[in-house]
Enquirer: 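Encoded as structure tokens, here's the structure I'll be asking about.
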2 protein chains.
Amino acid sequence: MMALMKRTPPSSVLLDQQLCFALYAASRSVTAAYRPLLESLGLTYPQYLTMLVLWEQDGLTVRELGDRLQLDSGTLTPLLKRLQQAGLVSRQRRRSDEREVEIRLTAEGEALREPAKAVPECMAARLCLSSEDMQRLRDELKQLAAQLSQPTQV
Amino acid sequence: MMALMKRTPPSSVLLDQQLCFALYAASRSVTAAYRPLLESLGLTYPQYLTMLVLWEQDGLTVRELGDRLQLDSGTLTPLLKRLQQAGLVSRQRRRSDEREVEIRLTAEGEALREPAKAVPECMAARLCLSSEDMQRLRDELKQLAAQLSQPTQV
DNA sequence: GAAATTTCAATTGTACACAATTTAATTTTG
DNA sequence: CAAAATTAAATTGTGTACAATTGAAATTTC
């Protein structure tokens, strides 16, 4: 009798209880919220993040960009080719080390910086979070990622 | 003179200051941390989330699964075909409504539930977060996603 | 109750992610 | 300094995501 009764699964295995799912869903939600804003700039979300890095520091190599964004060349190479196609960046082998490819903003890529400033402002307004709450949440997420990049204990 | 000086960009545009990037990076970090655990089960991360839903409630339609996971048929149909290929689920049109496709766990899919229980336990240990902190972070992320799904004010 | 609308899943096409391999260039070592 | 090892980017292949369209089935509406 008991063996046939349907029991509620332990809360540790319920989707809604999972931090991992909340994180996965929230991340896609945020990306989706950026999409209409970025569409007017002609950028996808990972392309926008890449441009953020370049607006901060131009002339990085693919590897340096990958370090900042935590993405490898398998992701970045095609993404950067599309940004080049769109006329926003140039890709050029370094003469000092021919293995490296330097990514530089074009005038057009540089010009996109101004209209892009509206994006974080618009998103901040939509999130309805105080600046402090946003910082705290951001730091908790950074801490979480840092924890996972630690080599496994035991 | 001043016009040529390189200034530090306003903090609102620095990658490291962005909540959106922290969320994007943390989400990929967590997925990466799950990968080796799920590999032994023969599942990818989205496949694992799908199985979590089915272990909780079997016999859902593609749409119902999509509601729970916030994924559309464009993502789920190929994912479910792979789970079927792996022998973990069956896909069958409902006689009551031929538009709907019912997803059911096979015996093999059901059997995976037990070894899968170790996964959240193992991850919880790696995160080094108290149960309370995990719940709080999870709820903040849910709140954030909910906020973004609101229609834009103003 | 037939036409218009809606719903559901599948399909098509684009763009990430990421593991694994390849190729070329540089650095290290014996 | 030549062979071995390392490094950087690109390539290949698999698996999501998601917009847009398609096709079939069910529902609504006139």
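Within every chain, numbering begins at 1; the chains are lettered A, B, ... in the order of the sequence lines, protein sequences first and strands thereafter.
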Enquirer: Find the distance B/Arg28:CZ to C/dA19:C1' and express it as a whole number of Å.
Expert: 14 Å

Enquirer: Write down the distance between CG (B/Leu60) and C1' (C/dC8), rounded to a whole number of angstrom.
Expert: 15 Å

Enquirer: Rounded to whole Å, please give me the gap between CG in B/Leu71 and C1' in D/dT16.
Expert: 9 Å

Enquirer: What is the distance, rounded to the nearest whole Å, between atom CZ of A/Arg94 and atom P of C/dA24?
Expert: 22 Å

Enquirer: Among A/Leu49, A/Leu79, A/Val53, which residue satisfies the side chain to side chain contact (heavy atoms under 4.5 Å, CB included) criterion with A/Leu65?
Expert: A/Val53

Enquirer: Given C/dC16, is OP1 or OP2 found less than 4.0 Å from the side-chain N or O atoms of A/Gln47?
Expert: yes

Enquirer: Is any side-chain heavy atom of B/Arg63 closer than 4.5 Å to one of B/Leu76?
Expert: no

Enquirer: Do the side chains of B/Asp133 and B/Arg136 get close enough for a salt bridge, i.e. N-O under 4.0 angstrom?
Expert: yes

Enquirer: Send over the distance from B/Leu49 CG to D/dG15 P, rounded to a whole Å.
Expert: 16 Å

Enquirer: Please figure out whether A/Arg95 or B/Glu39 has its closest DNA chain C nucleotide nearer the 5' end.
Expert: B/Glu39

Enquirer: Could you check if a side-chain atom of A/Arg28 sits within less than 4.5 angstrom of a side-chain atom of B/Leu71, using non-hydrogen atoms only?
Expert: yes

Enquirer: Just the rounded figure in Å: distance from P of C/dA15 to CG of A/Leu38.
Expert: 14 Å

Enquirer: Taking B/Ile103 as the fixed residue, which of B/Glu64, B/Arg91, B/Gln84 is the one that meets the side chain to side chain contact (heavy atoms under 4.5 Å, CB included) rule?
Expert: B/Arg91

Enquirer: For the side chain of A/Leu79, starting at C-beta, report the closest nucleotide among D/dA25, D/dA19, C/dC16.
Expert: C/dC16

Enquirer: Establish, with yes or no, whether the OP1 or OP2 oxygen of D/dG15 is under 4.0 angstrom from a side-chain nitrogen or oxygen of B/Tyr45.
Expert: no

Enquirer: For a quick check, with a 4.0 angstrom heavy-atom cut-off, what is the B/S/- contact string for nucleotides 9-14 of chain D, read 5' to 3'?
Expert: BBB---

Enquirer: Looking at B/Arg94 and B/Glu102, is any side-chain nitrogen of the basic one under 4.0 Å from a carboxylate oxygen of the acidic one?
Expert: yes

Enquirer: Check whether any side-chain nitrogen or oxygen of A/Thr31 sits under 4.0 Å from OP1 or OP2 of D/dA17, and answer yes or no.
Expert: no

Enquirer: Tell me: OH of A/Tyr34 to C1' of C/dC16, nearest whole Å?
Expert: 18 Å

Enquirer: Please state how far atom CD in B/Gln70 lies from atom C1' in D/dT16, giving the value in whole angstrom units.
Expert: 16 Å

Enquirer: If you take all heavy atoms of B/Leu37 and B/Cys122, which pair is closest and at what distance?
Expert: CD2-SG, 3.7 Å

